[in-house]
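In what follows, a structure is listed as structure tokens, so that the remarks can point back to it.
This one's a predicted model, so the numbers in the text were calculated from it and none came from an experiment.
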Amino acid sequence: MKVRHIIGWSMLAILCMYWWWAQNSPPPVSVQNDYVPLLTLTDNTTYIYAENGQRASSLHAEYAEHHDNGSGTHFTRPELTHQESADTHYTATAEQGFINDMKDSVELSDDVVVKRYMHDRLVDQLTTNSLIYHPQTSNMITHDPLIFTSQDSRTTATGALWQLNKNSLILKQNIRTHYETTSSQP
């Protein structure tokens, strides 16, 4: 056989193998990345409303990502503000935050600091590693070790329930308080 016939038959064989492979191979699989956010925001504020329709709180963050796959909204350096009355408000800051899709809780984590102000004066401060805020009940809950500082005392504990609408802080366990004789800010 001549070389050109061998090349021709070889090319025909390669084309037939490609056609057979294309007919019998499975269709390409669509790769979906669940981590790609539906929406990203910078320097944003989210408002959370109570069941009665009034604004319960606001959440400002440097950066936010909302996912449509049921994994909620994630915040970077959030600052939560809860206005309890005309004279009393709370702020909570953290490195990370999360609101579930039901919007019934806000989870703050990494260096959480909660401050209570009365007449724009700092009164109390609570620091912990993680905290969950429930806007409908005006409750903040932590299961982690915490430090609660007021004008003349410093308390450590593990776990707490802070009922903002009642100004009631319930410490759970390992409670230790140190009172100072001199007046100082939290």
Validation row, ring centre Tyr133 to ring centre Trp162 under 6.0 Å: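 No: the rings miss the under 6.0 Å criterion.
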Please find the pair of heavy atoms, one from [X] and one from [Y], that lie closest to each other, and give the distance.
X: Pro135; Y: Ser57; value: CB-OG, 4.4 Å
X: Thr91; Y: Tyr117; value: OG1-CE1, 3.7 Å
X: Phe98; Y: Gly72; value: CE1-CA, 3.9 Å
X: Leu108; Y: Ala94; value: CB-CB, 3.9 Å

query: side chain to side chain contact (heavy atoms under 4.5 Å, CB included) with Phe75: which of Leu80, Ile99, Val106?
result: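 Output: one option passes, namely Ile99.
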message: Holding to side-chain hydrogen bond (donor to acceptor under 3.5 Å, both in side chains), I want the full list of residues that pass it with Glu84, two or more places apart in sequence or in another chain.
response: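 Partners of Glu84 by the side-chain hydrogen bond (donor to acceptor under 3.5 Å, both in side chains) criterion, ordered by chain and then number, come out as His82.
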If we count only N and O atoms by modelled type, under 3.5 Å, do the side chains of [X] and [Y] hold a donor and an acceptor together?
X: Thr128; Y: Thr142; value: yes
X: Asp124; Y: Ser150; value: no
X: Ser109; Y: Ser130; value: no

query: Taking only residues two or more places apart in sequence, or in another chain, which ones meet His60 in a ring-ring contact (aromatic ring centres under 6.0 Å, His included)?
result: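 His60: no ring-ring contact (aromatic ring centres under 6.0 Å, His included) contacts found.
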When you compare the side chain of [Y] with that of [X], does any pair of heavy atoms fall below 4.5 Å?
X: Leu161; Y: Gln163; result: yes
X: Met118; Y: Asp87; result: no
X: Thr40; Y: Tyr63; result: yes
X: Asn100; Y: Ser105; result: yes
X: Leu169; Y: Phe148; result: yes
X: Thr88; Y: Arg116; result: yes
X: Asn129; Y: Val112; result: no

Treat each ILVMFWY residue as a node, draw an edge where side-chain heavy atoms are under 4.5 Å apart, and state whether [X] and [Y] are in one component.
X: Leu39; Y: Leu59; answer: no
X: Ile141; Y: Ile170; answer: yes
X: Met140; Y: Leu171; answer: yes

query: salt bridge (charged side-chain N to carboxylate O under 4.0 Å, His left out) between Glu180 and Arg154: does it pass, once the steps are laid out?
result: CA-CA 8 Å; Glu180 299 174 4; Arg154 183 177 186 274; over 6 Å; no
